[in-house]
Trainee: 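This is the structure, below, for whatever I ask next.
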Amino acid sequence: MVYDCAIVGSGPAGLEAALNLKIHNKNFIWLGSKNLSDKIRKAERISNYPGFTNISGAALIDAFQKQIEEMEIEVTEQMVNQIMPMGESYALMAGSEFYEAKTVILTTGVANKTALPGESEYLGKGVSYCATCDGGLYRGKTVGVVCNSKRFEHEVNFLAELADKVYLFKEYTEPAEVADNVEIVKAKATEVVGADKVEKVLCKDGSEFEVDGIFFLRDSIVLSNLLPNLEAEGGHIKVNRQMETNLKGVYAAGDCTGRPYQYTKAMGEGNVASHSVVEYLSELAKTQK
């Protein structure tokens, strides 16, 4: 079977793309996790999602899953290892399985290839990747920030407005321009530790810093072997306003296209990408007549 579209990734962007393709009666396969997004599920509180006030991540995921069931949409729980062009379609390898689709929407999220020990384990327990999403949880408290690019300093300063103390583990060479309550740590952060939640950041020189939470603000790069010749920019998949990549019939949406890493932004891009797919399939059908 050749699908009209293959959606790779089951976060908010993938969800929105699937909903819209279903409405347009397209034959698609959605590859990802039936849990949709562990990142969302572990969120303590989401305050900027329209229609909900301070909803928990778990409650939002439950609402997503209810809608998926009502729309009779299935998630094929497999990890895509490689995508290869095949003329006017694409072959997707997922373990021992093979799928073919006329178009692909990449909603792969952020690939944290340089995660510190403890970083993944404490996600939702003091580890966060979005200052504007979770900063409010740390009013008057002490937080750490691992940051590898100066362009994220506005998020560091945003946290400084909320927190009592911020330790900045700076991984870029440019001089920092940060608030007075931000202490720049020269030592490299190597591990996040704690009991039930984040308690300390350990450094390469043996120093330790007690924190109530830690934020990771990094440039991220999509796995280079996923799709040959896919163009990247600033560590993310390069797209235009139609969410088109440099490859014909391939689209991308969500965190994989760059910041801000926001659920609503991801869903909007997923919607645009799916509309672009519908238009592309329409044009493709005309050429095949």
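The model shown is predicted, which means the values in this text are computed figures rather than measured ones. Hydrogens, waters and symmetry mates play no part in the numbers below; they use all other heavy atoms, side chains included.
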Trainee: Which class fits the ring pair His275 and His24: parallel under 30°, tilted 30 to 60°, perpendicular over 60°?
Mentor: perpendicular
Trainee: Determine whether Val250 and Ile83 make a side-chain contact, defined as any pair of heavy atoms from C-beta on separated by less than 4.5 Å.
Mentor: no
Trainee: Give me the atom names and distance for the closest heavy-atom approach of Glu191 to Leu116.
Mentor: N-CD1, 4.2 Å
Trainee: Do the side chain of Trp30 and the main chain of Glu77 share a donor and acceptor less than 3.5 angstrom apart?
Mentor: no
Trainee: Indicate yes or no for a side-chain donor-acceptor contact from Lys150 to the backbone of Ala176 under 3.5 Å, with no hydrogens or angles considered.
Mentor: no
Trainee: Any idea which heavy atoms bring Asn54 and Ser47 closest together, and the distance?
Mentor: OD1-OG, 2.7 Å
Trainee: Hey, is the main chain of Leu202 close enough, under 3.5 Å, to the side chain of Thr190 for a donor-acceptor pair?
Mentor: yes
Trainee: Taking only residues two or more places apart in sequence or in another chain, which ones pass ring pair (Phe, Tyr, Trp, His ring centres under 6.0 Å) with Tyr280?
Mentor: none
Trainee: For Val278, is there any backbone N or O sitting under 3.5 Å from a side-chain donor or acceptor partner on Ser282?
Mentor: no
Trainee: Any chance the side chains of Gln242 and Ser276 put a donor and an acceptor closer than 3.5 Å?
Mentor: no
Trainee: Do Thr103 and Asp4 have side-chain heavy atoms sitting under 4.5 Å apart?
Mentor: no
Trainee: Taking side chain to side chain donor-acceptor pair (under 3.5 Å) as the criterion, tell me which of His236, Glu233, Glu269, Lys238 meets it with Thr257.
Mentor: Glu269
Trainee: So, the side chain of Thr245 versus the backbone of Tyr251: is there a donor-acceptor pair under 3.5 Å, distance only?
Mentor: no
Trainee: Looking only at heavy atoms, which two atoms of Gly144 and Phe169 are closest? And how far apart?
Mentor: CA-CE1, 4.2 Å
Trainee: Is there any salt bridge (Lys or Arg N to Asp or Glu O under 4.0 Å) pair reaching into residues 130-146, and which pairs are they, with sequence neighbours excluded?
Mentor: none
Trainee: Residues two or more places apart in sequence or in another chain: which of them pass ring pair (Phe, Tyr, Trp, His ring centres under 6.0 Å) with His154?
Mentor: none
Trainee: Establish, for the pair Lys265 and Tyr261, whether the NZ or CZ atom is under 6.0 angstrom from the six-membered ring centre and no further than 45 degrees off its axis.
Mentor: no
Trainee: Does a side-chain heavy-atom distance below 4.5 Å link Ile73 with Leu15?
Mentor: no
